[in-house]
Amino acid sequence: MKISRPRGTRDFLPEDTRRRRNVENILRKVVKNWGFSEIITPTFETLELFTLKSGEGIVGELYNFTDKGDREMTLRPELTAPVMRMYVNEMQANQRPLKLFYFENCFRYERPQKGRFREFWQFGVELIGSNRPDADAEVIALASEMLKAAGIKGSLHVNHLGVIRHLLSILEAEQQSRIMRLVDKKDDTGLVDYLEEIDAPGHLRLKLIELISLTGEGVIGKARQMIGDIPELDEYQELLDLLDAYGVEYTIDFGIARGLDYYTGMVFEIYAEGLGAQNQVCGGGSYQLIRLFGGGDVPSTGFGLGFDRIMEICGVEPDDDRPVVIIARDSARLKAIEAATRLRPYMPVYVDLMKRNFKAQLSYANHIGAHYVVMIGEKEVEAGKVTLRDMDSGEQELLKLEEVIERIGN
RNA sequence: GCCGGGGUAGGGUAGCGGUUAUCCUGUAGCCCUGUGGAGGCUACGAUCCGAGUUCGAUUCUCGGUCCCGGCCCCA
């Protein structure tokens, strides 16, 4: 009976792993250069951390369990809540802004489909302590830079929820929240029906419907005509000016809502092609969660990148890592180990572990794509040297090990 | 939770009521005990699971499971 892999999980073979690690390290390098520090939080957390953030409803999507001490736990479905929890637990006295990032696996009990797995990886950034558009702009520019580094052309849509919130401020909190969800889903008929249901004022209905359809050039001006000179629009404009300074390309989109109550102002999403229905590779915004977890009133802004989706469409390939294979006649097997030991600080080295004959060892080297082969037999042992063969050109030369290192070591 | 399409050696496939289950590739070895990629030979290796129909099921039916795509959801 063969044991199969759990549904929605994946095995990453050496090739896959090499590609993933390569991109991962490229992304790490970018965020570090923007001054963010990596953190690691637990793979599982108390269930409450996530129900507090997203409501009881999410339990159905979680890998939750009761541990042997009868505690309700869950594998983490995302990392923003854990990072905020960590901040509240141990970083409240740190100098602000705090610039943190993570790259970890997350778990959701969902139906797998293209670009969606039960175990998946998120690369995310959280900037804690600034409510300035400068912080929002830096975060957006960073997201855009990371995608560029991964060779992905995404389309970035940005919005400022302050504007729509201002418009909705005459409604009850619960009604506002419901409307935001409908806007997020782009469920226009549902929205019209709901506005009818709560008997919203006619001017509000018209403005709302028009506002969320505003997208593209010059729409800040249109919004201003519609709603008036409100500070939220000034802040939005300031954000856009900053993005221009960063040279980030964006589309203003008053229809982006991100559906959740804790988003406070700026929100953005980045979409890419080639991913089927799950085309969002990045989403984020400014939010207020720290108070919810028992901390102070600290503004934050951040985003999460869907790493698996990035891998699905990114064209970045790691450099070749072609090994050196030591080929020895049977009489020189021990010498081969000595040579391998001396070469390994400088290059990846294989030795024969199958007790193959000389020819078969060479054939093996060819199969695994070795660039060079170091041959050792009676002649070489006698001369105190080895034969270095370039597998591409077929040229070979009798050299000392030091000369081999000098020639092909890295 | 729902809808559609699929599951035959490690990978890719043929067969579609009775075959020794086809071929390619792969892996290991030999031809070939100091020179790779080619060729020949040998070996290894599969019908997703369970029930039903049938004298007989890889083939037909049903259920499950997993994969692929979509819906819902998407923190």
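Proteins come first, then strands; the chains are lettered A, B, ... in the order of their sequence lines, and each starts at number 1.
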- Item | Ring center gap for A:W121 and A:Y102 short of 6.0 angstrom | no
- Message: Counting the atoms with a prime plus P, OP1 and OP2 as sugar-phosphate, which does A:E110 contact under 4.0 Å by heavy atoms, base, sugar-phosphate, or nothing?
- Response: base
- Note on the structure: A:A223 and A:F254 have their tightest heavy-atom pair at CB-CZ, 3.8 Å
- Reading 5' to 3' through nucleotides 39-47 of chain B, protein heavy-atom contacts under 4.0 Å coded B for base, S for sugar-phosphate only, - for none: ---------
- Message: In whole Å, measure the gap between the C1' atoms of B:G26 and B:G18 for me.
- Response: 32 Å
- If you take atom types as modelled and just measure distance, does the side chain of A:R116 reach the base of B:C73 with a donor-acceptor pair under 3.5 Å? yes
- Task: Can you tell me, in whole Å, how much space there is between the P of B:U8 and that of B:U47?
- Result: 11 Å
Just the table, please: protein N/O against nucleotides 4-6 of chain B N/O, every pair under 3.5 Å.
none

- Point-to-point distance, once rounded to the nearest 0.5 Å, from NZ of A:K359 to CG of A:N357: 8.5 Å
- Message: Quick check for you: among B:G36, B:A75, B:C72, whose closest atom lies nearest to any side-chain atom of A:P77?
- Response: B:A75
- Message: So for A:Q396 and B:U35, does any side-chain atom that can act as donor or acceptor lie under 3.5 Å from a complementary atom in the base?
- Response: yes
- Task: Can you sort out the partners of A:H371 under ring-ring contact (aromatic ring centres under 6.0 Å, His included), two or more places apart, ordered by chain and number?
- Result: none
- Whole-Å P distance, B:U20 and B:U58: 14 Å
- Message: If the threshold is 4.0 Å, N to carboxylate O, is there a salt bridge linking A:R258 and A:D184?
- Response: no
- Query: A:R181 side chain N/O closer than 4.0 Å to the phosphate oxygens (OP1, OP2) of B:C74?
  - Reply: yes
- Distance between the P atoms of B:G11 and B:G5, in whole angstroms? 25 Å
- Inter- and intrachain pairs under ring pair (Phe, Tyr, Trp, His ring centres under 6.0 Å), touching residues 37-63 of chain A, at least two apart: A:Y63-A:Y109
Expected list for residues 133-151 of chain A: side-chain donor-acceptor pairs under 3.5 angstrom, two or more places apart:
residue	atom	partner	partner atom	Å
A:D136	OD1	A:T301	OG1	3.1
A:E138	OE2	A:K99	NZ	2.7

- Query: In residues 272-309 of chain A, what residues come within less than 4.0 Å of RNA chain B, judged by heavy atoms?
  - Reply: A:G276, A:A277, A:Q278
- Is a side-chain donor-acceptor pair under 3.5 Å present for A:Q288 with A:D297? yes
- Specify the residues of residues 79-86 of chain A, ordered by number, for which at least one heavy atom lies under 4.0 angstrom from an atom of RNA chain B. none
- Query: For residues 137-177 of chain A, which residue pairs qualify under ring pair (Phe, Tyr, Trp, His ring centres under 6.0 Å), counting only residues two or more places apart or in two chains?
  - Reply: A:H157-A:Y271, A:H160-A:Y236
- Letter per nucleotide, 5' to 3', of nucleotides 28-33 of chain B [B base touched, S only sugar-phosphate touched, - untouched; heavy atoms, 4.0 Å]: SS--BS
- Residues in salt bridge (charged side-chain N to carboxylate O under 4.0 Å, His left out) contact with A:E78, at least two apart in sequence or another chain: A:K53
- Message: Which residues pass the salt bridge (charged side-chain N to carboxylate O under 4.0 Å, His left out) test with A:D187, not counting sequence neighbours?
- Response: none
- Residue A:K185, side-chain atoms from C-beta onward, closest of B:G70, B:G36, B:C73: B:C73
- Using atom C1' of each nucleotide, how far apart are B:C16 and B:G6 to the nearest Å? 16 Å
- Message: Counting only heavy atoms and a strict 4.0 angstrom limit, can you tell me which residues of residues 46-55 of chain A come near RNA chain B?
- Response: A:K53, A:S54
- Message: Tell me if the centroids of the rings in A:F103 and A:F307 come within less than 6.0 Å of each other.
- Response: yes
- Taking atom types as modelled, find out whether A:E126 and A:S300 have a side-chain donor-acceptor pair closer than 3.5 angstrom. no
- Separation of the C1' atoms in B:G15 and B:C60, to the nearest angstrom: 16 Å
- Task: Indicate, with a heavy-atom threshold strictly under 4.0 Å, whether A:E380 touches base, sugar-phosphate, or nothing.
- Result: base
- Find the distance between NZ (A:K385) and OG1 (A:T387) and round it off to the nearest 0.5 Å. 10.0 Å
- Message: Can you tell me how the ring of A:Y246 sits relative to the ring of A:W34, calling it parallel under 30°, perpendicular over 60° and tilted otherwise?
- Response: parallel
- Query: Does A:R108 make a side-chain donor-acceptor contact with the base of B:A75, cut-off 3.5 Å?
  - Reply: yes
- Message: Using a 4.0 Å heavy-atom cut-off, does A:I58 contact any base of the nucleic acid, only the sugar-phosphate backbone, or nothing at all?
- Response: base
- Can you tell which of B:G36, B:C74, B:G69 lies closest to the side chain of A:S363? B:G36
